[in-house]
Structure formats: C-alpha cells, structure tokens
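Structure first, then comments.
Note that this is a predicted model, so its numbers are computed, not measured.
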Amino acid sequence: MRGNTNRNTRRVRGVLGAAIVVCAVTTALPGAASADPAGVARTAGAGAGAEVGTGAGVERVSVAPDGTQSDGGSTGGAITTDGRRIVFSSSATNIAPGNAAGSERVYLRDEPSGQLKSVGSYPIASPMISGDGEYAAYWVLLFRDTKVKLAQWTAGSSIGLNCDALNCSQPSLSGDGRYVANVATIGRPSTSQRIDVWDWHADTKQELAWFDHTAPSRPSISGDGRFVAYQNGRTKDVFLWDRDHGSTSGPIEGAAKEATLVQISEDGSKVVYLSGTDTYVHDVSTGTAHLVPNVKGLAIDPTGNHLLYAPNDTAGPSLKLRDLTAGTDEIVSNQPASAGVDAVSAGGRDVVFQSTADDIVPGDTNGKSDVFVRRFS
C-alpha cells in the first residue's frame with residue numbers, strides 16, 4: 001500500500017465558537033424557511049434531448065423566483081438526495097437582492113417552492129451540498145490562504161470552519177452536513193498536505209492521511225461519514241478509509257494502474273475513479289470494479305446505481321446517465337454541457353448540470369452559463 005495514513009483525532013478549540021453559531025440556528029426546524037415568500041415561474045421546456053425517457057424534462061434553475069433569467073453566469077450545480085434542493089454559484093445581480101456589484105455568490109434553491117437564498121460569497125470553486133439539503137460547503141480565498149465555509153439553508157448565511165492549517169480546501173459533506181472532509185495544506189511555500197475530517201457537532205478533527213507533496217488529494221465522504229475516499233495525486237492512487245474501523249484499503253484500483261478519484265456514493269457502497277480513458281465503479285463490499293469503457297465519469301447517485309458520465313466521443317450527447325444494473329443509458333444533454341460531483345439525486349431521477357447553450361429551454365437569451373436540472377419520471 002502506498003501513502004501514509006495517520007489515525008489522529010484531537011479536540012479543535014478554534015472551531016467551537018463557529019459551532020455555537022451554527023447550533024443556535026439549527027434549533028429551528030428545517031421547515032421554518034417555508035415562511036418566506038414562495039411562488040415561482042421556473043423556466044422549463046422540452047429542449048433538444050427532451051425526448052429521452054417518458055416524462056423527462058429539463059428546466060433552468062439559475063433564475064429569480066419569479067422566473068427572470070439571470071444577468072450573470074451561473075455554474076457548479078449540486079443536488080440533494082431527494083432532488084429537492086440545488087446549490088450553485090452565480091455572479092448575477094438580479095436573481096436575489098443584495099448583489100448589485102455582481103460578485104460571485106452561493107445560492108441554495110428549494111425546487112418545490114421556488115425559494116432561493118443567497119447563503120455565501122466569493123466561492124473559488126463549485127459548492128457542495130449535504131444529502132438533506134440543509135448545508136452547503138465551499139471554499140474562499142482569505143488574503144493569501146483558502147478557508148472552508150459552511151452555509152445553512154435555515155439561517156440563509158454561512159460561517160467559517162477554523163482551519164488550523166494555512167489552507168483548507170476541496171470540501172465534501174456528509175448527508176446531514178455534520179462531517180466535513182477537506183484538504184489541509186501545510187507550510188509556506190506549501191510542501192505537504194493532509195486529509196482532515198471535521199465533526200463540528202462534537203468539536204473534533206480527525207487527520208486521515210499525510211502527503212509530502214501538494215499534488216491533488218481531494219476527499220469524498222459517504223453520507224454517514226464512515227467512509228472517506230481520497231487520492232494521492234503524485235502516485236495516482238485512490239484509497240478508502242473506514243473511520244469506524246480505523247483502517248485504510250488501497251490502492252483500490254490495483255498497483256498496476258494510475259487513477260483519479262471522482263466520488264464515493266452517499267451510501268458508501270461504490271467509489272468511482274478514472275483510469276486512462278475509462279471509468280471504473282469500485283464495489284466496496286466485494287472489492288471488484290465495474291468497467292465503463294471510453295467515458296469520463298463525473299458523478300454517481302447516492303445509491304451507487306447510476307453513473308453520470310461524459311462520452312469521450314464528442315460527436316454525440318455531452319452527458320449521459322448509465323443505469324449500472326440494467327446497463328442502459330439516458331441522455332441528459334445533447335448540447336455541450338458539464339457537471340460535477342453531487343450532480344445526481346437518488347435513483348438517477350434528477351441530474352443537475354451547467355451549459356452555455358441557448359437552446360436547452362425556450363427564452364434563453366442571456367448569453368450566459370446557466371444551471372439546469374433534467375428530471376426523469
């Protein structure tokens with residue numbers, strides 16, 4: 001096994017103040033936000049590719065609650081387990097109050113009600129979302145360093161996790177938002193890094209792995225916080241940490257391969273990784289891998305049964321959804337589009353993606369990148 005793991009759990013005093021702030025607002029029921037004005041006229045339409053699947057349709061979600069299209073670019077959609085809430089970032093000035101300068105903001109959207117909340121500012125990468133939709137995580141630049149912030153739907157605001165390293169980045173959230181896995185970079189100039197898991201309810205941090213380099217090593221955490229998949233970017237290996245047993249397995253792709261981590265499913269049963277021109281879905285219980293050839297895997301649904309991917313053949317659709325059990329595909333987008341992790345709801349019912357195409361839904365005239373959701377009934 002390559003890579004150095006360090007099983008170290010310690011008390012983190014610095015995060016306690018932030019945890020108190022968040023705990024105070026979480027005493028309210030998640031439904032408390034429903035008192036906000038509702039009502040929405042979302043932009044929806046057939047679009048090219050809407051013929052896929054009976055009842056399949058696509059709608060634009062990076063719009064104001066009254067359906068007004070954004071005047072700025074929107075990117076980085078992620079969706080909850082039940083498909084109810086979506087998080088994305090946008091520089092639009094007109095989809096929510098308070099952004100006259102057009103700075104990049106993090107938005108949480110409740111799809112059934114159409115409510116939209118600005119919950120954070122200045123993200124430098126796509127935000128992540130907890131499975132229940134109550135929390136979003138993103139990272140920001142703070143002077144010369146990067147820090148992770150945790151945003152809450154009920155409060156409509158965010159707090160910073162007090163990273164004890166110079167840089168904390170690339171967060172991944174558990175299903176209820178309690179556990180936050182991230183990369184912590186050490187030293188200036190940076191020469192090493194580690195994988196951390198924060199439990200901000202208990203005010204503790206666990207250091208899972210150390211690397212003597214700063215090549216990519218981003219983590220992905222399961223819904224219950226038990227499993228953390230991460231990569232060693234220098235050796236091109238993917239590992240799986242079982243926090244309950246304090247054990248590490250890997251490289252899960254085998255010593256002869258080079259791999260890049262995509263995502264662990266919310267139920268912890270599958271780990272998606274890329275190797276060469278192919279995608280592999282690793283079964284945690286059996287240790288075997290399902291090969292999906294000649295595609296780039298982008299995300300896996302919470303049950304581990306549906307893979308969102310981009311075909312390497314660019315002549316056809318840009319995004320497809322594979323039912324790994326049946327071996328069948330659904331077209332998500334025929335137009336140029338992209339997506340990140342946490343882009344698929346449970347059972348592959350919903351897929352969120354971004355595109356600059358202006359013919360996905362009717363009335364798209366803003367000339368900007370928008371966030372869309374494809375619904376499969």
Side-chain angles (χ1 to χ4, degrees), residues 22 25-45 57-70 72 74-90 92 94-99 104-121 123 126-138 149-159 173-178 223 266 299 301-302 339-354 361 370-377:
V22 178
V25 298
T26 54
T27 56
L29 293 175
S34 62
D36 292 352
V40 60
R42 291 189 296 276
T43 306
V58 62
E59 58 190 57
R60 184 166 46 162
V61 298
S62 53
V63 296
D66 65 359
T68 302
Q69 64 180 341
S70 66
S74 303
T75 59
I79 197 166
T80 54
T81 301
D82 62 5
R84 177 186 175 94
R85 288 179 180 162
I86 294 172
V87 65
F88 62 93
S89 60
S90 180
N94 64 337
I95 63 175
N99 193 25
E104 198 74 10
R105 295 286 182 91
V106 177
Y107 293 94
L108 267 171
R109 185 180 194 93
D110 184 78
E111 279 296 282
S113 68
Q115 295 176 64
L116 181 73
K117 288 188 178 183
S118 174
V119 295
S121 302
S126 299
M128 301 291 102
I129 196 166
S130 60
D132 62 6
E134 181 65 9
Y135 295 97
Y138 62 101
K149 287 197 170 185
L150 194 65
Q152 191 193 31
W153 167 262
T154 302
S157 60
S158 61
I159 56 97
L173 282 175
S174 64
D176 59 1
R178 172 172 179 165
E266 187 172 308
D301 89 302
V341 298
D342 295 332
V344 188
S345 69
R349 294 188 301 270
D350 316 285
V351 180
V352 64
F353 61 95
Q354 67 185 55
V361 297
D370 288 305
V371 175
F372 301 87
V373 63
R374 168 76 71 179
R375 306 285 189 187
F376 296 103
S377 60

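No side-chain heavy atom of V351 sits under 4.5 Å from any side-chain heavy atom of F372. Looking only at side-chain heavy atoms (C-beta outward), R85 and I79 stay at 4.5 Å or farther from each other. Residues V87 and V106 meet the side-chain proximity criterion, which asks for heavy atoms closer than 4.5 Å. Within the 4.5 Å cutoff, no side-chain heavy atoms of S345 are placed close to those of T81. The side-chain heavy atoms of V373 and V58, taken from C-beta on, include no pair separated by under 4.5 Å. Residues W153 and K117 are in side-chain contact: their nearest non-hydrogen atoms beyond the backbone lie under 4.5 Å apart. For the pair L173 and Y135, the minimum side-chain heavy-atom distance is below 4.5 Å.
Side-chain N or O atoms of R375 include one that pairs as donor or acceptor with a backbone N or O of G83 at under 3.5 Å. Of the possible polar contacts, none joining the S70 side chain to the V63 backbone as a donor-acceptor pair under 3.5 Å is found. Side-chain atoms of R109 come within 3.5 Å of backbone atoms of V61 as a donor-acceptor pair (strictly under, hydrogens ignored). The backbone N or O of S74 sits nowhere less than 3.5 Å from a side-chain atom of D370 that would complete a donor-acceptor pair. Of the possible donor and acceptor atoms, none in the side chain of K149 sits under 3.5 Å from a partner among the backbone N and O of G120.
Residues passing the side chain to side chain contact (heavy atoms under 4.5 Å, CB included) test with T75 are S89, E104, Q354, S369, sequence neighbours excluded. Residues forming a salt bridge (Lys or Arg N to Asp or Glu O under 4.0 Å) with D132 (at least two apart in sequence, or on another chain): none. Applying the side chain to side chain contact (heavy atoms under 4.5 Å, CB included) test to S121 and every residue at least two apart in sequence or in another chain returns R105. Considering only residues two or more places apart in sequence or on other chains, D82 meets the side chain to side chain donor-acceptor pair (under 3.5 Å) condition with T80. When the side chain to side chain donor-acceptor pair (under 3.5 Å) test is applied to Y138, the partners found at least two apart in sequence or on another chain are S158. Among residues two or more places apart in sequence or in another chain, the side chain to side chain contact (heavy atoms under 4.5 Å, CB included) test is passed with D342 by A78, M128, Q263. Not counting sequence neighbours, the partners of D176 by the side chain to side chain donor-acceptor pair (under 3.5 Å) test are S174.
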What do the steps show when you test R374 against D350 for salt bridge (charged side-chain N to carboxylate O under 4.0 Å, His left out), and what is the final call? CA-CA 6 Å; R374 168 76 71 179; D350 316 285; over 6 Å; no
Please report the C-alpha distance between L108 and I129 in whole Å, then the side-chain angles of each, then the deciding distance to 0.1 Å, and finally whether the side-chain contact (heavy atoms from CB on, under 4.5 Å) criterion is met. CA-CA 9 Å; L108 267 171; I129 196 166; 3.6 Å; yes
Intermediate values then yes/no, side-chain contact (heavy atoms from CB on, under 4.5 Å), Q152 and V119: CA-CA 7 Å; Q152 191 193 31; V119 295; over 6 Å; no
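Atom CG of D66 and atom CD1 of I95 lie 11.0 Å apart (nearest 0.5 Å). Separation of atoms OG1 (T68) and CG (N94) is listed at 6.5 Å; rounding is to 0.5 Å.
Nearest approach of G340 to A299, heavy atoms of both residues: O-CB, 3.4 Å. The nearest pair of heavy atoms linking F376 to G348 is CD1-O, 3.6 Å. Minimum interatomic distance between L150 and A137 (heavy atoms only, all atoms of both residues): CD1-CB, 4.3 Å. Listed here is the closest heavy atom pair of S130 and G177: CB-N, 3.7 Å. Pairing each heavy atom of P65 with each of G114, the nearest pair is CB-O, 3.9 Å. Scanning both residues, A92 and Y107, for their nearest heavy atoms gives O-OH, 3.8 Å.
Looking at R60 and Q69, their side chains do bring a donor and an acceptor atom within 3.5 Å of each other.
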